[in-house]
Amino acid sequence: MTAGSEAVQDLLPLVFAAPNEALTKAESVLRHRPEPLHASVAHQVIGIWQRDFGDMRLALRHLRRARDWAARAGSADREADVLATLGVALVHSGRTRQGLDALGRGVRRGTGHTRARVLFRRAYSWWVLGHHREALEDVRRAVPVLRQAGDVIWTARALTLRATVHLALGAVERAEADFASAEDLWAVTDQEHDKADAVESRGLAAFRSGDVPAALRLLDEAEERYAKLGTPTFMLSIRRCEVLMAAGLAAEALAEADTAVAELDSIGGQSTRKAELLLAAARAARQADDPATATARAGLAVRLFAGQRRAWWEAHARLVLIGARHAAGKRSGRLVRDAAAVAERLVELGAPAAPEAFLLAGRIALDLGRTADAERHLAVAARSRRNGPPLARMTGWAAQALRARAAGSTRGVLEACRRGLDVLDDHRMTLGASELRARATAQGAELAALAQQAALRSGGARRLLVWSERWRATALSAPPTRPPADPELLSHMTAYREIAARAEEARMEGRPVPALEREQRRLERAIRSRTLHMRGEARGDDTRFDVGRLLERLGDGVRLVELAVVDGRVQVLLCGQGRVRRFEAGSLAAAETEAEHVQAGLRRLAHPGAQARLPVVEAAGRRLEELLLGPAAAHLGDGPVVIVPPGRLHRVPWALLPSLRERVVSVSPSASSWLRARETRPPRGGRQVLVRGPGLATGGAEVTRLADRYSGATVLEHGDATVPRVLTELDGAGLAHIAAHGTFRTDGPLFSALRMADGPLIVHDFERLDRSPYRIILSCCDTARFATVGADELLGLVTALLPLGTAGVVACSAPVNDAAVVPLMLALHEGLAKGLPLPEALRDARSAMPDDALHRATGWAFTAFGAT
């Protein structure tokens, strides 16, 4: 590049419009022995590129050369501009004193417009260092000069920075106003990198105002913009981690932070960003219940921040470090003092995280029995319960609940927990995706546990039932938001089915599929991303759980057994005959272990010749009953039983338990869900739909037989059993029977699928139904498996159907023998033809099977969910 002075000067704005193009042109300038002024600009451009996207050592080398060439050119303003860029680079490399010194010299050397630009960059450095008041002061001095000079780009940058500082201090409204003003200015420029940064910043503002879906959407948009420019996105990763954690996706946040740290290390990037990424990783590990990883990451972050003289960041890292040590079981007076000191430091710095630190100090003091110290710290933390974003208010209510518990006030504990969970409910209903609603409940786990402990201590079985229901299956209280008008999502889902079908065909033919699997994973990420962007539209069930209404619906003949877990023990709440009784059973951990043994036994019994294993499985069923029902098993009466288990016991084959083996048994995620299902009315017409997917060992034999029984049924098989056609027929049907291969995805439960002729029918597909079938029978393996997420929520096929109008589901929680399923399903439909509810028809179908291990295990593996 040999153009004149103006063209060379244009490289500086170009580095934030098209960074890679600017780098190429600057390198071309240096190849032609430029004059000192031009050499200074070219080296500065290369230094900026390396500083922000590459190797810090190369950045500093080029920026020092740019400074030297500026001095030779005899331009004070040129030298001031380079000193500002060099100062920012030195701060990012951890050389804080040298960086601030260079920025100070730049302010003194510069004049007018140039000096205002230097002030902006010093303000940016103050923000990086966590000196927010100083940052605001420098921006205050810079903005009027930049505006007067008509410098649109630098004015927009200054307003974006000021907004970001406001966000750090919790002033969301001021930040949004500045972001809006900056966005208007960016609209008239071609600064594509700056525009991407502005979108990223607006994502952070949306998050701080409590709009998680908008934050995820804006951060994804920013990532797409950065990808077009070919630039790394370390700051974006830090911000995305924060939003992912708020959405309950801590494991994903940890993986993103660790990946970004490795990438940053590989290019010798900014040490300031590395420290921030380590802090994000520590927070994510802490939330993911991995205190060892949290301690390691936070400890390293503390050391880096201290070396960089970044007191704001160091205080936040120390907070995470103390919290991780506490989670690892450490208790000491020193830990209380450390937490209190961090809390006071955060107050001095004006950090919104101060209440969290006071809550931690109070919690540790309570563990040590230091009630006076605890009350002092918790009282400060509790002040945040009245205002601020949802998670901050929940911190305040948690502190208030702990204060009440320390004071011996059951009423105070329950009131604080109620208010805190109300805040979480409001927050959850802003989320459109069922996954986010379910995962968000993790934020209220402590409040729910405190309430259940208080209810148990008060001795009232009804009160414990109310609080068990308050926290059970909340994600199912309203259907997920459905975006039928989102053409991009529909396009992704169609492409996903095609790729998945091609991959399955290739596997069956023994051909390699890595390219197809990569594309399938890419499409899964795209589908999930689009669904997480959806904002909640439907309101939850505002009606509070009414024990009296439940008992009235149960009558004298039906018993509902709700299993609440308090301090690791199973509390059996037996509802029926107008009363609620409580019995204590075994430990949850022991029950989980026994349930896994039972599942392993059922898998073996699914194969012929395993008759000898039957007594072992039956014995495990007896032990499981002792752990889960305890003395309540003797008080179940003779009528139907509804089981409401905790999420971690979702794989229990309840029909295997001796006291339930000959009974009519159904399972529901909550008593409230059971009531909703009981009161759901069947659709007019009651259409029947029979679906047979490909590749079944029996060829889906029961579907052919059932087609003769239901003469007017819609039968979809062979090439007709495509996902679009199946969804169309299922919508609003009275009864649906699907015989198809089922797969459960532990790594992505909403991608669990039924195999159709054109590819997988996934949970995301079912969530697009206006109304799912009133009754649905899934004669496939693993259709009743779920992922336990959040506090006690379930994600899977059955839980997707229940909020959409399904009153009853029969599904399978284990692998089964295909041939043995056929007679069971035919017998089940015989019961339905007699007008029996699903649970009773399933009970009779089991009893009609041959009394051998294979058929008995098949019957035990199927469960009736819902109420009819």
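Just so it is clear, the structure is predicted and the values come from calculations on it, not from any experiment.
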*Start with the C-alpha gap between Arg283 and Glu242, add the side-chain angles, then the distance that decides, and say whether salt bridge (Lys or Arg N to Asp or Glu O under 4.0 Å) holds.*
CA-CA 9 Å; Arg283 285 172 167 158; Glu242 192 173 1; 5.6 Å; no
*asked:* Strictly by side-chain hydrogen bond (donor to acceptor under 3.5 Å, both in side chains), give each pair with a member in residues 859-868 just once, sequence neighbours left out.
replied: Arg775-Thr868
*Without hydrogens or angle criteria, can the side chains of His737 and Tyr710 be said to hold a donor-acceptor pair below 3.5 Å?*
no
*Side chains of Leu750 and Ile762: does their closest heavy-atom pair fall under 4.5 Å?*
no
*Sequence-distant partners of Glu596, salt bridge (Lys or Arg N to Asp or Glu O under 4.0 Å), two or more places apart*: none
*Report the C-alpha distance between Val726 and Leu761 in whole Å, list the side-chain angles of each, state the deciding distance to 0.1 Å, and finish with yes or no for side chain to side chain contact (heavy atoms under 4.5 Å, CB included).*
CA-CA 9 Å; Val726 169; Leu761 171 63; 4.1 Å; yes
_Atom of His533, atom of Pro213 and distance for their closest heavy-atom approach_ = O-CB, 3.3 Å
*Looking only at atom types and distance, does a side-chain atom of His741 sit under 3.5 Å from a main-chain N or O of Gly695, one as donor and one as acceptor?*
yes
*Going by atom types only, do Glu524 and His492 share a side-chain donor-acceptor pair under 3.5 Å?*
no
*Measure across Trp471 and Ala445 and return the closest heavy-atom pair with its distance rounded to 0.1 Å.*
CZ2-N, 3.9 Å
_Full working for side chain to side chain contact (heavy atoms under 4.5 Å, CB included) between Arg687 and Glu729_ = CA-CA 9 Å; Arg687 293 183 294 108; Glu729 296 299 334; 3.6 Å; yes
*With sequence neighbours excluded, what pairs up with Ala867 under the side-chain contact (heavy atoms from CB on, under 4.5 Å) test?*
Trp674, Ala677, Arg678
*Kindly give the heavy-atom pair with the smallest separation between Pro683 and Tyr774, and that separation in Å.*
CD-CB, 3.6 Å
_Give me each pair satisfying salt bridge (charged side-chain N to carboxylate O under 4.0 Å, His left out) with a member in residues 795-806, each pair once, sequence neighbours excluded._
none
*From Met508 CE over to Glu505 CD, what is the distance, rounded to the nearest 0.5 angstrom?*
8.5 Å
_If we ignore hydrogens and angles and just use 3.5 Å, is the side chain of Gln287 paired with the main-chain N or O of Met245 as donor and acceptor?_
yes
*Where the side chain of Thr259 meets the backbone of Ala255, is there a donor-acceptor pair that is under 3.5 Å apart?*
yes
*side chain to side chain contact (heavy atoms under 4.5 Å, CB included) evaluation trace for Leu690 with Leu716*: CA-CA 6 Å; Leu690 307 175; Leu716 301 176; over 6 Å; no
*Got a salt bridge between Arg705 and Glu702, using NZ or NE/NH1/NH2 to carboxylate O under 4.0 Å?*
no
_Distance-only polar pair, side chains of His597 and Thr593, donor-acceptor under 3.5 Å_ = no
*Does the side chain of Pro815 reach to within under 4.5 Å of the side chain of Arg604, using non-hydrogen atoms?*
no
*Are any side-chain N or O atoms of Arg768 and backbone N or O atoms of Leu490, one a donor and one an acceptor, separated by less than 3.5 Å?*
no
*Leu842 and Leu838: CA distance, side-chain angles, deciding distance, side chain to side chain contact (heavy atoms under 4.5 Å, CB included) verdict*: CA-CA 6 Å; Leu842 181 59; Leu838 273 177; over 6 Å; no
_Minimal non-hydrogen separation, Leu660 against Val665, with atom names_ = O-CG2, 3.7 Å
*Do you know the tightest heavy-atom contact between Val821 and Ser779?*
CG1-CB, 3.9 Å
_Keeping Ser672 on the side-chain end and Phe545 on the backbone end, is there a donor-acceptor pair under 3.5 Å?_
no
*Going by atom types alone, do Ser673 and Arg676 pair a side-chain donor with an acceptor below 3.5 Å?*
yes
*Are Thr714 and Gln688 linked by a side-chain donor-acceptor pair shorter than 3.5 Å?*
no
*Output yes when a side-chain donor or acceptor of Ser772 lies under 3.5 Å from a complementary backbone atom of Thr806, and no otherwise.*
yes
_Under the rule for salt bridge (Lys or Arg N to Asp or Glu O under 4.0 Å), what residues qualify as partners of Arg553, not counting sequence neighbours?_
Glu679
*Is the backbone of Ala214 close enough, under 3.5 Å, to the side chain of Arg535 for a donor and an acceptor to pair up by distance?*
no
*Decide, yes or no, whether a salt bridge links Asp731 with Arg771 under the criterion of side-chain N to carboxylate O below 4.0 Å.*
no
*asked:* So does Ala606 get a backbone contact from the side chain of Asn817, meaning a donor-acceptor N/O pair under 3.5 Å?
replied: yes
_salt bridge (Lys or Arg N to Asp or Glu O under 4.0 Å) involving Asp818 - partner list, sequence neighbours excluded_ = none
*Report the distance from atom CG of Leu824 to atom CG of Leu826, rounding to the nearest 0.5 Å.*
9.0 Å
_Return the OG1 to CZ distance between Thr441 and Arg437, rounded to the nearest 0.5 Å._
12.5 Å
_Can you give me the closest heavy-atom contact between Val598 and Pro653, atom names plus distance?_
CG1-CG, 3.4 Å
*In sequence, state the C-alpha distance, the side-chain angles, and the governing distance for Asp758 and Arg725, and then conclude on salt bridge (Lys or Arg N to Asp or Glu O under 4.0 Å).*
CA-CA 10 Å; Asp758 60 339; Arg725 181 77 190 281; over 6 Å; no
*Output yes when a side-chain donor or acceptor of Ser752 lies under 3.5 Å from a complementary backbone atom of Arg745, and no otherwise.*
yes
*List in chain and number order the residues that pass side-chain contact (heavy atoms from CB on, under 4.5 Å) with Arg439, two or more places apart in sequence or in another chain; answer none if no residue qualifies.*
Leu249, Glu435, Val789
_Side chains of Ser529 and Asp220 only: does a donor on one sit below 3.5 Å from an acceptor on the other?_
yes
*With sequence neighbours left out, write down each residue that passes salt bridge (Lys or Arg N to Asp or Glu O under 4.0 Å) with Glu592, or none if nothing qualifies.*
Arg648
*Just do the salt bridge (Lys or Arg N to Asp or Glu O under 4.0 Å) check on Glu504 and Arg507 with the steps written out, would you?*
CA-CA 5 Å; Glu504 181 66 21; Arg507 289 189 195 96; 3.5 Å; yes
*Can any side-chain N or O of Arg846 pair as donor or acceptor with the backbone N or O of Phe862 at less than 3.5 Å?*
yes
_For residues 244-256, which residue pairs pass the side-chain hydrogen bond (donor to acceptor under 3.5 Å, both in side chains) check, not counting sequence neighbours?_
Ser237-Glu256, Arg240-Glu256, Glu252-Arg528
*Any Lys/Arg nitrogen of Arg470 or Asp422 sitting under 4.0 Å from an Asp/Glu carboxylate oxygen of the other?*
yes
_Leu649 side chain reached by Val565 side chain, heavy atoms, under 4.5 Å_ = no
*Kindly write out the residues that satisfy side-chain contact (heavy atoms from CB on, under 4.5 Å) with Ala222, not counting sequence neighbours, or none if the list is empty.*
Val199, Glu200, Tyr226, Leu236
_Partners meeting side-chain contact (heavy atoms from CB on, under 4.5 Å) with His650 (sequence neighbours left out)_ = Phe786, Thr788, Leu794
*Please examine the side chains of Leu602 and Arg651, heavy atoms only from C-beta on, and report whether any two atoms are closer than 4.5 Å.*
no
*For residues 494-531, pull every pair meeting ring pair (Phe, Tyr, Trp, His ring centres under 6.0 Å), keeping only residues two or more places apart or in separate chains.*
Tyr496-Phe751
